[in-house]
Amino acid sequence: MNTLTDTEHAALLERQKQTVKPPSYYQVVLLDDDYTPMDFVVMVIQRYFHKDLKAATEIMLQVHTVGKGVCGVYTRDIAATKIEQVTSSARQAGHPLQCTMEEI
């Protein structure tokens, strides 16, 4: 039977630790359109990104004036879930609001 020595075991554990890297982060971005009402955008930001009215209004105004606005930064799975929630809510309300994620 082939067993590792303590030195070989420690070296193996050290190599495994070096291969682990922190998860990538993504910013969730709302995109401007000419149809989605501003008050709906503010509501979405408050509901799904847990921003207060002032912060949500500032993000909405950035979306309106710049063309896009960052709502939050999350790991990939959480960002994808936020996008699905926003998109689903917008479609149910009949709005074409678009939401994407960008790796940072």
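The local environment of NE2 in His95 is crowded, with over 12 non-hydrogen atoms from other residues, nucleotides or ligands closer than 6.0 Å. Crowding of Arg76 atom CZ: a count of heavy atoms from other residues, nucleotides or ligands under 6.0 Å not exceeding 12.
Annotation for Phe40: hydrophobic cluster partners, listed by chain and number, are Tyr26, Val28, Leu30, Met38, Val41, Val42, Met43, Val44, Ile45, Tyr48, Phe49, Leu53, Ile59, Met60, Leu61, Val63, Tyr74, Ile78, Ile83, Val86, Leu97, Met101 (ILVMFWY side-chain heavy atoms under 4.5 Å, direct or chained). Membership of the apolar cluster around Tyr25 extends to Val73, Ile104, as traced through chained side-chain contacts below 4.5 Å between ILVMFWY residues.
With rounding to the nearest 0.5 Å, the separation of NZ in Lys82 from SG in Cys99 is 10.0 Å. Rounding to the nearest 0.5 angstrom, the gap separating the CD atom in Gln62 from the SG atom in Cys71 is 9.0 Å.
Legend: salt bridge (Lys or Arg N to Asp or Glu O under 4.0 Å) pairs involving residues 22-38, not counting sequence neighbours: none detected.
Residues Pro96 and Thr36 meet the side-chain proximity criterion, which asks for heavy atoms closer than 4.5 Å.
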Show your working on side chain to side chain contact (heavy atoms under 4.5 Å, CB included) between Ser89 and Arg47 and close with a plain yes or no.
-> CA-CA 10 Å; Ser89 179; Arg47 177 179 292 165; 4.3 Å; yes

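The two atoms that bring Ala56 and Gln46 nearest to each other are CB-CG, 3.6 Å, heavy atoms only. In terms of heavy atoms, Ala55 sits closest to Asp52 at N-OD1, 2.7 Å.
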